[in-house]
Protein chains: 2
Amino acid sequence: MSQHVSCNDCSLSPVCLPLAVAPTQLDELDRIIHRGRPLKRGEHLFRAADEFQAVYAVRSGALKTYVLSDEGDEQVTGFYLPGEVLGMDGISTAHHMSNAKALETATVCEIPFSKLEMLSQRIPSLQHHFFSLMSNEIRSDRELHMLLSKKNADDRVASLLISMSARHQRRGLSERAFRLPMSRYDIANYLGLAVETVSRIFTRFQQNGWLRVEGREVEILNRRSLCGEQSLEVSL
Amino acid sequence: MSQHVSCNDCSLSPVCLPLAVAPTQLDELDRIIHRGRPLKRGEHLFRAADEFQAVYAVRSGALKTYVLSDEGDEQVTGFYLPGEVLGMDGISTAHHMSNAKALETATVCEIPFSKLEMLSQRIPSLQHHFFSLMSNEIRSDRELHMLLSKKNADDRVASLLISMSARHQRRGLSERAFRLPMSRYDIANYLGLAVETVSRIFTRFQQNGWLRVEGREVEILNRRSLCGEQSLEVSL
DNA sequence: CGGTTCATTGAAACCAATCAACGGATGTGG
DNA sequence: CCACATCCGTTGATTGGTTTCAATGAACCG
């Protein structure tokens, strides 16, 4: 067990679960949360078919979730950054339906779900927040649906960049320059593209002067053009 | 206001919300539910940006949900059949994020969400069921993600047919022969394909002897082949 | 009964996948 | 510590599945 940070001391509390709980009730939440040891890059937090017992809030690092098809190929279903909650797809089946793997060294807070349900019975705002979180997950899946169903490869990549940027900003970090925690393979897989396509688009965005890319480090130079790329065809 | 069917008398109760509530508590749920007038084909149940006040259970007919992109084009995000619940994507924002439109004459039960939340505080199984419902929604979105990102047009259409079949079976209806409530346009839109592609695939499935199609009436003649089409390439 | 939506089919064009090859980074074990 | 394997990322050439464009008939509706 690592250091016993409480939610009170955690810098993520304004963007994480505590935002749904009154300060006076925060230690009730705090008491059910279990801070696990750090996961190394490539380690699994949970696997499909593991018994569902908890949801997880990312404290540091990044994870991806993925499912395996019957044929055994991987579908990356999401990326999770600090302050974000994952594992909520297992609730209905008592088993996780996806796998969660650390993209880099990561720490997570484990929130036993049955205890969370009990606590939610007493803290309406917590219940509401969890409904909200799941509702948000559904909504972003709908946006992804649109992306995969209607948008071309350029739009998809641009959209991912914008999303990562927004999520950095949410934590008070730079929305201009940041490091992508995932590989090109993961990006391609998530967006339903071939790796080569993603690579080519990064290169092209850079040639257009919209982006600076160096491996996984990216710097957004022309946000408007990128946004335009993933909505209107008009840019500049 | 139409006839005052109570959940007790509703034939859908084994597949709808009541399945989460003990018989003794059923009228507590029943009392907060509002049975609306029938919607005509093409009528909206709610629109994006409408204030979010309730979720809805389909009692008869069918609806689709869709979002409009910035450019104004439509993305169908789901189809809803009797016993299924829609509208849960508005929880986090106090506004609906999608539009819901009747595909044919439909009736729905309106469940005011704030009352549902209060009731969930007292009926743990109801709270759990709602978490489950949303969790299921997330899971099926993940499957759709895989479908759109990895599968070809044939697999997508086959998958939709299998899904519709399963949902009919769940209500105790024939899983072999049924009527699709939605147009080819809606199918194509939902699956990220062109209408022409969907049409061609229906024709091809029929030529293969896997399916009988006559307008919106379909009969599944060779389920294994269709399933094979949307997972293993092996068919027979 | 004209107008609109819906469905089907054919031909051509195009976007992204696939195949192929390469350099660099990473990591491991002798 | 270096040799070797593996993973990661990039670029080029070719292929192919789907879209797009075009045209037609059927069904539906006011």
Side-chain angles (χ1 to χ4, degrees), chain A residues 40-43 64 73-76 101-105 147-161 179-208 211-218 229-230 233, chain B residues 40-43 64 73-76 101-105 147-161 179-208 211-218 229-230 233:
Chain A
K40 278 180 293 200
R41 174 191 155 87
E43 238 181 305
K64 71 170 177 183
D73 45 34
E74 178 175 331
Q75 173 64 56
V76 174
K101 193 177 184 177
L103 291 167
E104 55 194 29
T105 304
L147 203 67
L148 295 178
S149 142
K150 291 255 180 317
K151 307 290 187 176
N152 64 20
D154 289 32
D155 292 343
R156 298 187 200 178
V157 174
S159 179
L160 181 84
L161 289 167
R179 180 182 167 78
L180 298 169
M182 74 296 269
S183 70
R184 299 287 192 271
Y185 280 85
D186 287 330
I187 294 175
N189 187 302
Y190 178 72
L191 295 176
L193 300 170
V195 201
E196 296 93 328
T197 306
V198 173
S199 188
R200 278 186 251 270
I201 290 170
F202 271 44
T203 306
R204 186 143 31 82
F205 281 174
Q206 184 153 229
Q207 285 166 350
N208 293 351
L211 199 67
R212 209 179 49 74
V213 192
E214 202 177 320
R216 298 187 178 184
E217 297 290 341
V218 298
E229 189 63 36
Q230 52 94 35
E233 293 307 286
Chain B
K40 277 180 293 200
R41 175 190 155 88
E43 237 181 306
K64 72 170 176 181
D73 45 33
E74 177 176 332
Q75 173 63 57
V76 175
K101 192 177 184 178
L103 291 168
E104 55 194 29
T105 304
L147 204 68
L148 296 178
S149 142
K150 291 254 180 316
K151 306 291 187 175
N152 63 22
D154 289 32
D155 292 344
R156 296 187 201 178
V157 174
S159 180
L160 181 83
L161 288 167
R179 181 184 165 78
L180 297 170
M182 73 296 268
S183 70
R184 300 286 192 270
Y185 280 85
D186 287 332
I187 294 175
N189 187 302
Y190 178 72
L191 295 176
L193 300 170
V195 201
E196 295 92 328
T197 307
V198 173
S199 188
R200 279 186 252 269
I201 290 170
F202 272 43
T203 305
R204 186 144 29 84
F205 281 174
Q206 184 153 229
Q207 285 165 349
N208 293 350
L211 199 67
R212 208 179 51 74
V213 191
E214 203 178 319
R216 296 189 179 185
E217 297 291 339
V218 297
E229 190 62 37
Q230 52 93 35
E233 291 309 284

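Throughout, a chain's letter reflects where its sequence line sits, starting with A, and its residues are numbered from 1. These numbers come from the heavy atoms of this one structure, side chains and all, not from hydrogens, waters or symmetry mates.
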What pairs of nitrogen or oxygen atoms, one from the protein and one from nucleotides 21-28 of chain D, lie under 3.5 Å apart?
residue: dC21(D); atom: N4; partner: Glu196(B); partner atom: OE2; Å: 3.1

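Distance CZ (Arg216(A)) to P (dC8(D)): 7 Å, rounded to an integer number of Å. Taking atom NZ of Lys151(A) as the reference point, atom P of dT19(D) lies 16 Å away to the nearest angstrom. For Gln206(A) and dG9(D), the CD to P distance is 15 Å, given to the nearest whole Å. The distance from atom CG of Leu211(A) to atom P of dT10(D) is 11 Å, rounded to the nearest whole Å. Rounded to an integer number of Å, the gap from Asp154(B) CG to dG16(D) P is 16 Å. The distance between atom CZ of Arg41(B) and atom C1' of dC29(D), rounded to the nearest whole Å, is 11 Å.
The residue Arg204(A) sits apart from the nucleic acid: no heavy atom pair falls under 4.0 Å. Ala194(A) comes within 4.0 angstrom of a nucleotide base, judged by non-hydrogen atoms across all strands.
Scanning all heavy atoms of the two residues, the minimum distance from Ser149(B) to Gln75(A) falls at OG-OE1, 2.7 Å. Between Arg156(A) and Leu148(A) the shortest heavy-atom distance is NH2-O, 3.2 Å. Shown here for Val218(A) and Phe202(A), the closest heavy-atom pair between the two residues is CG1-CE2, 4.4 Å. Nearest heavy atoms, Tyr190(A) versus Val76(A): CD1-O, 3.5 Å.
To the nearest 0.5 Å, atoms CG (Asn208(A)) and CD1 (Ile201(A)) are separated by 11.0 Å. To the nearest 0.5 angstrom, Thr197(A) atom OG1 is 12.5 Å from Ile187(A) atom CD1. A distance of 10.5 Å separates CG of Asp186(B) from CG of Leu191(B), quoted to the nearest 0.5 Å. Taking CE of Met182(B) as the reference point, atom CD of Glu104(B) lies at 9.5 Å (rounded to 0.5 Å).
Proximity of Arg204(A) to Asp154(A): side-chain heavy atoms (C-beta onward) are separated by under 4.5 Å at one or more points. Residues Phe205(B) and Val213(B) have side chains not in contact (no heavy-atom distance under 4.5 Å, counting atoms from C-beta outward).
Tested against Val198(B), the residues Thr203(B), Asn189(B), Leu160(B), Leu193(B) include a single side chain to side chain contact (heavy atoms under 4.5 Å, CB included) partner, Leu193(B).
Between Phe202(B) and Val195(A), it is Phe202(B) whose nearest contact on DNA chain C lies nearer the 5' terminus.
Here Arg179(B) pairs with Arg216(B), Glu217(B) under the side chain to side chain contact (heavy atoms under 4.5 Å, CB included) rule; sequence neighbours left out. For Arg41(B), the salt bridge (charged side-chain N to carboxylate O under 4.0 Å, His left out) criterion is met by no residue, not counting sequence neighbours.
For the helix from dC1(C)-dG30(D) to dC22(C)-dG9(D), the angle separating the two terminal helix axes comes to 40°, with each axis derived from five pairs and the value rounded to 10°.
Residues from residues 179-192 of chain B that place a heavy atom under 4.0 Å from any atom of DNA chain D, listed by number: Gly192(B).
Running 5' to 3' along DNA chain C, contacts with non-hydrogen atoms of chain A at under 4.0 Å begin and end at dA16(C) to dA20(C).
A salt bridge does not link Glu74(A) to Lys101(A): none of the charged side-chain nitrogens sits closer than 4.0 Å to a carboxylate oxygen.
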